[in-house]
Amino acid sequence: MAYRWPWARQKAKIVWIDLGDLGDLVHPEGPHEQWQDHGLGLLRTILHQNNIQTDIVSTRAVTSWDQLAKQVAGYDMALMNVRSYTYPSGRKAAQVFKEVNPQGLVMAGGMHATVAADEMLAVPEFDKICQGAGEKVIVDLVKDPAAFPRLFQGQSAASMAEWPMMDRTLWPKPADSRLARHFNWPLEPECGWGPGPVATILTSRVCPWQCVFCNESSYVPNMGRKPVDQVIDELNYLDDHWGIGSFVIHDSMFFQNPSWLKEWIEKYPTRANKRWTYWAAGRADTVRQWPDLFEALVKETNWNLISIGFESGSDRILRLLNKECTEEDNDFAIDLLNRLGDELQAQGKQPPKFWSNIMLGVPGELPEDAFKTMRMLKRMKRVFPSISYYAPYPGSALGFQLIAEGKSKMSKDNYHRFPDDEKVIGVDYKFYRELLAGKYEDEVNRGLSPEEQSRSYSGLYARALTKA
Ligand code: B12
Ligand code: SF4
């Protein structure tokens with residue numbers, strides 16, 4: 001048995017290579033890079049339950065490719081989950097693996113394999129490329145790779161009820177002792193959304209809408225939601241073993257299926273070990289459609305960080321994005337949460353907040369559209385703004401269109417762009433930088449009350465710019 005530098009002993013012949021920027025599990029720049037990969041966790045759990053052992057290494061847990069080369073030497077097979085933003089590290093990791101194991105096989109799946117298979121097929125180091133879900137094929141693939149063509153379609157479970165409870169101890173560990181002290185492994189670190197240890201969970205996998213900037217509809221076929229009892233059992237299990245401070249529901253769209261949500265309202269407050277606060281995502285139009293359900297979720301289940309993809313405060317841009325939400329829907333959701341927050345605060349309770357996703361720099365956006373968006377943000381009384389410049393990801397309708405027109409500035413070597421990077425040719429980023437720095441406050445403040453006008457200070461929105 002070989003020893004893999006720096007810490008682990010090789011136990012298996014197969015290694016899962018967790019992907020992300022070098023050093024993210026050594027000295028991370030921010031909290032989100034530390035989040036763990038549910039695709040990896042689920043598929044390794046399935047493999048181990050089928051008596052197929054795998055080891056784990058992570059590009060995030062090393063600071064150079066030489067370190068990774070030492071860790072992966074001696075394996076027969078590498079597995080990886082490649083998303084567009086981890087494609088550069090996935091491609092490099094595959095090349096490093098092949099250099100030290102010329103006879104070894106690299107098996108890749110994940111979002112990027114699904115939406116940009118042509119790019120992966122051009123890289124000879126990827127031996128097998130799986131598009132779509134992997135839970136029903138991973139065991140057969142690893143047992144008999146030769147039975148699969150180089151590019152093939154995976155298969156998903158009919159329902160998430162069939163997924164085993166993920167074994168989180170199969171996730172990579174933080175690779176720095178100071179980081180490890182606050183990481184809460186195998187749960188996850190606090191990121192400002194709620195007290196740690198944080199548990200990330202999935203209750204649903206599919207979003208039925210088709211916003212043109214999003215990959216969702218091109219990816220996972222419809223599948224059943226995880227039963228409410230199974231979600232609560234998992235939370236209780238995690239709490240019994242490691243103690244939960246709060247949790248994050250990683251679903252693209254939590255606020256859907258009213259009957260599931262009603263059951264959640266009925267069971268979570270009574271069956272869960274505790275009524276932990278949580279982060280989860282919704283849409284403004286459905287908040288308007290089901291306001292009572294929304295209110296009950298906030299008040300009775302402690303949904304206190306409500307992520308809404310507002311994206312824009314302008315009907316013109318919302319239509320262009322096929323968001324199917326209007327300025328009126330956005331205003332309704334904002335007024336409702338402002339009111340609920342006031343009410344709960346008056347009772348001495350913690351008021352809920354928006355996690356407000358905002359997109360600037362959508363091609364065709366005019367300054368007045370952007371002013372409306374910033375104005376909308378100021379109408380939110382309690383908010384964490386999450387602002388990004390529109391990024392043309394492959395797999396999304398608008399992304400494919402801009403790539404085809406040669407207007408995308410995102411490259412195969414750098415899908416994972418930093419927030420202030422420029423992403424589309426022809427967009428006036430100087431204007432947006434100045435907007436976020438407060439240069440156009442007079443226009444933005446037009447029509448707002450004095451209190452709303454005061455809801456910003458120099459640099460707040462510039463700091464809210466996130467990686468996209
Ligand atoms: C949770 C989540 C996050 C979380 C946590 C990310 C993490 N560490 O996992 C956070 C909030 C941090 C995040 C951030 C971002 N995200 Co995100 N995120 C998601 C989300 C909603 C769920 C991911 C998930 O857990 N899925 C469930 C698991 C089980 O599925 P899976 O990982 O895909 O694995 C399955 C298959 O791919 C396959 N498979 C995977 N690996 C392998 C390997 C083999 C060998 C095989 C056979 C099969 C296989 O089988 C698995 C089981 O079915 C997805 C949407 C989605 N529906 O997946 C977006 C998504 C992955 N994110 C996306 C994006 C764009 C981002 C951001 C860039 C957004 C931004 N503007 O900031 C950032 C970048 C983060 C960073 N590192 O900088 C895009 C990726 C687009 C793309 N083309 O890759 C997605 C698809 C959303 C979308 N619809 O556009 N994200
Ligand atoms: S942006 Fe949100 S609502 Fe639109 S398709 Fe994607 S996940 Fe669904």
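Just follow the structure's listing: the first ligand is 1, and inside any ligand the first atom is 1.
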- [ ] Select the closest option to atom 35 (C) of ligand 1 among Met253, Arg60, Arg205, judged by heavy-atom distance.
- [x] Arg205
Task: Residue portion contacting ligand 1 (non-hydrogen atoms closer than 4.0 Å) for Ala133 - done: both
TODO: Assess whether atom CD of Glu328 is packed by more than 12 heavy atoms of other residues, nucleotides or ligands within 6.0 Å.
DONE: no
TODO: Can you sort out which atoms of ligand 2 are near Cys207, meaning under 4.0 Å from one of its heavy atoms?
DONE: 3 (S), 5 (S), 7 (S), 8 (Fe)
Open item on the list: Can you tell whether the side chains of Lys323 and Asp285 come within less than 4.0 Å, N to carboxylate O?
Closed with: no
Task: Enumerated ligand 2 atoms positioned under 4.0 Å from heavy atoms of Phe213 - done: 1 (S)
Open item on the list: Check this for me - ligand 1, Ser84, N or O atoms closer than 3.5 angstrom, yes or no?
Closed with: yes
Open item on the list: Just by distance, no angles: are the side chains of Glu405 and Gln401 close enough, under 3.5 Å, to form a donor-acceptor pair?
Closed with: yes
Open item on the list: When you measure from atom 4 (Fe) of ligand 2 to the N, O or S atoms of Cys211, does any of those distances fall below 2.8 Å?
Closed with: yes
Task: Location of contacts on Trp279 toward ligand 1, heavy atoms closer than 4.0 Å - done: neither
Task: Six-ring centre of Phe384, Lys353 cation under 6.0 angstrom, axis tolerance 45° - done: yes
Open item on the list: Counting only heavy atoms, tell me which of Ala157, Pro31, Gly134 gets closest to atom 50 (O) of ligand 1.
Closed with: Gly134
Open item on the list: List ligand 2 atoms under 4.0 Å from Trp209, heavy atoms only on the residue side.
Closed with: 5 (S)
Open item on the list: Quick test of your reading of the structure: of Gly154, Gly132, Gly39, Ser156, whose heavy atom lies closest to atom 38 (C) of ligand 1?
Closed with: Gly132
Task: Nearest-option assignment for atom 23 (C) of ligand 1, heavy atoms, candidates Met111, Arg83, His38, Lys128 - done: Arg83
- [ ] Closest by any non-hydrogen atom to atom 6 (C) of ligand 1: pick that one out of Trp35, Trp16, Tyr390, Tyr85.
- [x] Tyr85
Task: Proximal ligand 2 atoms for Ser252, defined as those under 4.0 Å from one of its heavy atoms - done: 7 (S)
Open item on the list: Considering Ser252, Gly20, Cys130 one by one, which has a heavy atom nearer to atom 47 (C) of ligand 1 than any of the others?
Closed with: Cys130
- [ ] Any atoms of ligand 2 less than 4.0 Å from a non-hydrogen atom of Met253? List them with their elements.
- [x] 3 (S)
Task: Part of Thr114 with heavy atoms under 4.0 Å of ligand 1, whether side chain, backbone, both or neither - done: neither
Task: Salt-bridge criterion met for Glu324 and Arg283 (N-O under 4.0 Å) - done: no
Task: Residue Glu135 vicinity, atoms of ligand 1 by number, heavy atom under 4.0 Å - done: 52 (C), 53 (O)
Open item on the list: On the six-membered ring of Trp16, is Arg44 placed so that its NZ or CZ lies under 6.0 angstrom from the centre and within 45° of the ring axis?
Closed with: no
Open item on the list: Show the atoms of ligand 1 that are less than 4.0 angstrom away from any heavy atom in Trp163.
Closed with: 29 (C)
Task: Nearest candidate to atom 3 (S) of ligand 2, where distance is taken over non-hydrogen atoms, out of Gln210, Arg283, Glu311 - done: Arg283
Task: Option with minimal heavy-atom separation from atom 2 (C) of ligand 1, where the choices are His250, Arg44, Gln155, His112 - done: His250
- [ ] Tell me which one of Asn81, Leu202, Asp37 gets a heavy atom nearest to atom 41 (N) of ligand 1.
- [x] Asn81
